[in-house]
Amino acid sequence: MRLVRFLGKAGACLGIELKTGGVANLSELCTELGMKAPGDTVEFLTAGAAAWEKAKRLSESSTGEKIEKLSYLAPLIKPDKIICIGMNYKDHCEEQGAPIPVEPMVFSKFSSCITGPYGDIEYTDMTETLDYEVELAIVIGKKGKNIQESNAMDYVFGYTVAHDVSERKWQLQKNGGQFLLGKTMDTFCPIGPVIVTKDEISDPCNLTLKTKVNGVVKQNSSTQQMVHRTPALIAFVSKFFTLLPGDIILTGTPPGVGCFRNPPEYLKDGDVVECEIEGIGSIINTVRKSSQI
């Protein structure tokens, strides 16, 4: 199932992207489920597996409706947590000459930095070293704490593409070495275009992921390079806090980011960044001065 959130006549709606290219609108189902907001993915996930199965059956009998890609919204907004994992690709560690972490390196982003799969990335006076990072994002489907690695996949709803936009000076050189400010400015987390349920991704650790800037490939690797994989990440972070439906885990980025190029290559106003993951799709975001957005 490929869950999508799009702009309908009455506002944000949930739907399922069909193989025919159309979208099965889930608005009636959301009403039937008693959802307060038919476009609220977190509320849909909280409704549980029975609701997801109803949505799947509905999509199988639907001819769908044509929805323009530019009407696609971020497939999920206002999660309780955006959890990020740093240094989680062997080849990314190698490009820095850094040791491979024994335990996951965890930081976070605010949910307010989420933007859509085709939304703009703000370029401001605070973003002189703006950088790109393609990441596979795990979407949590049910509540859990102290989850065992052996059953961690039971807590996964699906996967989406994330762009962990980063301002390197504020991430690495300022603010006492804390990542937060350099990672969580407005529009610093484009996601989408859909959430693909886990049953459609046979092996999340065998996916090609790429970043292109103005059509030029900058990152090109595989999730096979992950140090700590989906079950291990879920088990680790759930030791410290409760995972909730809709929580997102960004699982790290491969090599090729701008700050480790020689000379460094940073994003500028007008650049177009495409992040693509095999089996999920692409998100395409343009860097624009905030006055132009």
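What you see is a predicted model, and the numbers here were worked out from it, not measured in a lab.
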* Residues forming a salt bridge (Lys or Arg N to Asp or Glu O under 4.0 Å) with K268, sequence neighbours excluded -> D271

* Does the side chain of P79 reach to within under 4.5 Å of the side chain of I114, using non-hydrogen atoms? -> yes

* Closest non-hydrogen atom pair between T251 and Y89, with its separation -> O-CE1, 4.0 Å

* Asked: side chain to side chain contact (heavy atoms under 4.5 Å, CB included) with N175: which residues, sequence neighbours excluded?
  -> W170, Q178, L181

* Asked: Do L180 and F241 belong together in a cluster built from hydrophobic side chains that touch within less than 4.5 Å?
  -> no

* ring-ring contact (aromatic ring centres under 6.0 Å, His included) with F236: which residues, sequence neighbours excluded? -> F240

* Structure fact -> With sequence neighbours left out, the residues meeting salt bridge (Lys or Arg N to Asp or Glu O under 4.0 Å) with D131 are R168

* Report the residues that fulfil side chain to side chain contact (heavy atoms under 4.5 Å, CB included) with K69, sequence neighbours left out, ordered by chain and then residue number. => E17, Y72, Y118

* **Polar side chain donor-acceptor pair, T211 to E274, under 3.5 angstrom** => no

* Are any of the side-chain heavy atoms of I121 and T127 separated by less than 4.5 Å? -> no

* **Contacts of F107 that satisfy ring-ring contact (aromatic ring centres under 6.0 Å, His included) - sequence neighbours left out** => F179

* Asked: With a cut-off of under 6.0 Å to the ring centre and 45° to the axis, is K142 in cation-pi contact with Y155?
  -> yes

* Derivation of the side-chain contact (heavy atoms from CB on, under 4.5 Å) call for D120 and T187 -> CA-CA 7 Å; D120 291 333; T187 72; over 6 Å; no

* Residue K145 excluded, over 12 heavy atoms near NZ under 6.0 Å -> yes

* Is the closest side-chain heavy-atom distance between I140 and L244 below 4.5 Å? -> no

* Asked: Sequence neighbours excluded, which residues qualify as salt bridge (Lys or Arg N to Asp or Glu O under 4.0 Å) partners of K218?
  -> E265

* Asked: Mind checking what makes salt bridge (Lys or Arg N to Asp or Glu O under 4.0 Å) contact with K212, not counting sequence neighbours?
  -> none

* Which side chain to side chain donor-acceptor pair (under 3.5 Å) pairs, counting each pair once, include a residue from residues 233-245, with sequence neighbours left out? -> none

* Just jot down the side chain to side chain contact (heavy atoms under 4.5 Å, CB included) partners of F260, sequence neighbours excluded, or say none. => H92, E95, Q96, V257

* With sequence neighbours left out, what residues match P75 under side chain to side chain contact (heavy atoms under 4.5 Å, CB included)? -> T160, I191, I195

* Which residue pairs pass the side chain to side chain donor-acceptor pair (under 3.5 Å) test when at least one of the two sits in residues 43-67, sequence neighbours left out? -> E32-K54

